[in-house]
Engineer: 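Following this message is one structure expressed as structure tokens.
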Amino acid sequence: MSIISKDIQKAIRLLTDDELVAIPTETVYGLAGNVFSEKAIKHIFSTKKRPFFNPLIVHLSGVEALENIVAHVPDKATLLAATFWPGPLTMVLKKNNKIPDIITAGKDTVAVRVPNHPVTLELLRQLPFPLAAPSANPFGSISPTKPSHVERYFKNDIKQVLDGGSCKNGIESTIVGFENNEPVLYRLGALSIEAIEAVVGKVSVKNKKEQSPDAPGMLARHYAPSTQTLLVDAVAEEIKKHAGKKIGILVFKDSLNNTSFTEIVLSKKGSLQEAASKLYDSLHELDDQKLDVIITERFPDSGLGKSINDRLQRATFSL
Ligand code: TXA
Ligand code: MG
């Protein structure tokens, strides 16, 4: 029987019983548990096979709930919350002592956001506790943007995927921390740097590719298909190097018009928003086709194009 269901009351019962539920957000599906339940949080790490050094994002029903979680909110964080919440912005703030260490990997900061999805907002409003939720995929693999993606990953591990349809943004939230009360970008994501800078001025960027980084979602290899995946500027040129192979192609807007390959065009009209929303679903689809290689096209390096390139780079980085 499918674990996908729209039953919010069931999700409330499960979460209250320290169980996990996959929840829809505007970015990707999250694997959620009660922030204050050690059992649930440990279950999140074991289900994802996620290392304990990688902290979780706490999801709140609204900005009012922030005071229960954090010790200090810089002025620019208040401004960003007022502008972008609910929405795909995660902020890393000084935590208060109610937040368990396992959530924050022992750090004195906690990542928080108010997701912009009607089903999950309703769920959060009805629950007496916030939800910790990493993306609902095994550590390192492609994030889920549809209930069916989560079901495939975790049907033997969890009892419910709360069905909220396909994720509108399709790429994880942008993560901003604060150093000396000034914003620092830790992870590129669904909210562009340009949009953030329009509100708070220049933001410095620490979105590095590392083996053991400060924000571990920044691991060099992450979001990766199991098929060998490449990121190139000139797809047509690259194809010539793979004669005789079964090739999958992922391009931004212009088709190569060659029927000998499996090709996905992310946005015929050239919309970065549309391309981002289809990115992971398309990678899932190509990865399912037992190809020898997936060749992806580098995006224009501005706005959401930057975030898409970041994910493609991590998907294609080989150790
Ligand atoms: O869009 C999203 O953010 C999704 C949905 C479900 O909300 N969640 C998500 O969670 O992408 P996850 O666990 O896959 O990525 C969370 C990232 C990790 O890179 C983690 O290292 C970083 O947030 N993070 C969490 N707490 C942090 C902290 N205190 N300091 C620095 N980075 C932190
Ligand atoms: Mg993730």
Engineer: Just list the side-chain donor-acceptor pairs under 3.5 Å for residues 121-139, sequence neighbours left out, or say none.
Structural biologist:
{"unit_1": "Glu122", "atom_1": "OE2", "unit_2": "Gln126", "atom_2": "NE2", "d": "2.7"}
{"unit_1": "Gln126", "atom_1": "OE1", "unit_2": "Gln9", "atom_2": "NE2", "d": "3.3"}
{"unit_1": "Ser135", "atom_1": "OG", "unit_2": "Asn137", "atom_2": "OD1", "d": "2.6"}
{"unit_1": "Asn137", "atom_1": "ND2", "unit_2": "Ser141", "atom_2": "O", "d": "3.0"}

Engineer: Rounded at 0.5 Å granularity, tell me how far CG in Leu312 sits from CG in Leu230.
Structural biologist: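 Those atoms lie 11.5 Å apart.
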
Engineer: Are any non-hydrogen side-chain atoms of Leu266 and Ser282 less than 4.5 angstrom apart?
Structural biologist: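 Answer yes - side chains close enough.
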
Engineer: Is it true that Lys6 and Asp163 make a salt bridge, defined as a side-chain N closer than 4.0 Å to a carboxylate O?
Structural biologist: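 Asp163 and Lys6: salt-bridged.
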
Engineer: Strictly by modelled atom types, are Ser5 and Asp7 linked by a side-chain donor-acceptor pair under 3.5 Å?
Structural biologist: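 The criterion, which ignores hydrogens and geometry beyond distance, is not satisfied for Asp7 and Ser5.
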
Engineer: Regarding Asp17 and Arg13, does a basic nitrogen lie under 4.0 Å from an acidic carboxylate oxygen?
Structural biologist: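 Between Arg13 and Asp17 there is no salt bridge, as every charged N stays at least 4.0 Å from the carboxylate O atoms.
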
Engineer: Among side-chain atoms of Glu263 and Ser255, is any donor-acceptor pair under 3.5 angstrom?
Structural biologist: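 Distance-only check passes for Glu263 and Ser255.
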
Engineer: Ignoring hydrogens and geometry beyond distance, is a side-chain donor-acceptor pair present between Arg113 and Thr25 at under 3.5 Å?
Structural biologist: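 Per modelled atom types, Arg113 and Thr25 side chains form a pair under 3.5 Å.
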
Engineer: If you measure from the Lys or Arg side-chain nitrogens to the Asp or Glu carboxylate oxygens, is any gap between Asp108 and Lys95 under 4.0 Å?
Structural biologist: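 Judged by the 4.0 Å cut-off on N to carboxylate O distance, Asp108 and Lys95 do not form a salt bridge.
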
Engineer: Could you tell me whether Glu179 and Lys206 make a salt bridge, using a distance below 4.0 angstrom between a side-chain N and a carboxylate O?
Structural biologist: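 Yes, Glu179 and Lys206 are salt-bridged.
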
Engineer: Does CD in Glu38 sit with more than 12 non-hydrogen atoms of other residues, nucleotides or ligands closer than 6.0 Å?
Structural biologist: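 Counting other residues, nucleotides and ligands, CD of Glu38 stays at 12 neighbours or fewer.
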
Engineer: Whether the Glu172 and Ser143 side chains hold a donor-acceptor pair (N or O, under 3.5 Å, no angle test) is what I'd like checked.
Structural biologist: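 Short answer, yes.
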
Engineer: Judged by modelled atom types alone, do Thr227 and Asp287 share a side-chain donor-acceptor pair under 3.5 Å?
Structural biologist: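 There is such a pair (donor and acceptor under 3.5 Å, judged by atom type) between the side chains of Thr227 and Asp287.
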
Engineer: Between the side chains of Lys48 and Asp157, is the shortest nitrogen-to-carboxylate-oxygen separation below 4.0 Å, so that they form an ion pair?
Structural biologist: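 Here Asp157 does not pair with Lys48 in a salt bridge, since their nearest N and O are not under 4.0 Å apart.
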
Engineer: Is a donor from one side chain sitting under 3.5 angstrom from an acceptor on the other, for His149 and Asp281?
Structural biologist: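 Indeed, the side chains of His149 and Asp281 share at least one donor-acceptor pair under 3.5 Å.
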
Engineer: Would you please name every residue forming a side chain to side chain donor-acceptor pair (under 3.5 Å) with Lys159, sequence neighbours left out?
Structural biologist: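 For Lys159, the residues satisfying side chain to side chain donor-acceptor pair (under 3.5 Å) (neighbours in sequence not counted) are Glu19.
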
Engineer: Does atom CD (Gln273) have a neighbourhood of more than 12 heavy atoms from anything else shown, all under 6.0 Å?
Structural biologist: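 Result for CD/Gln273: open.
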
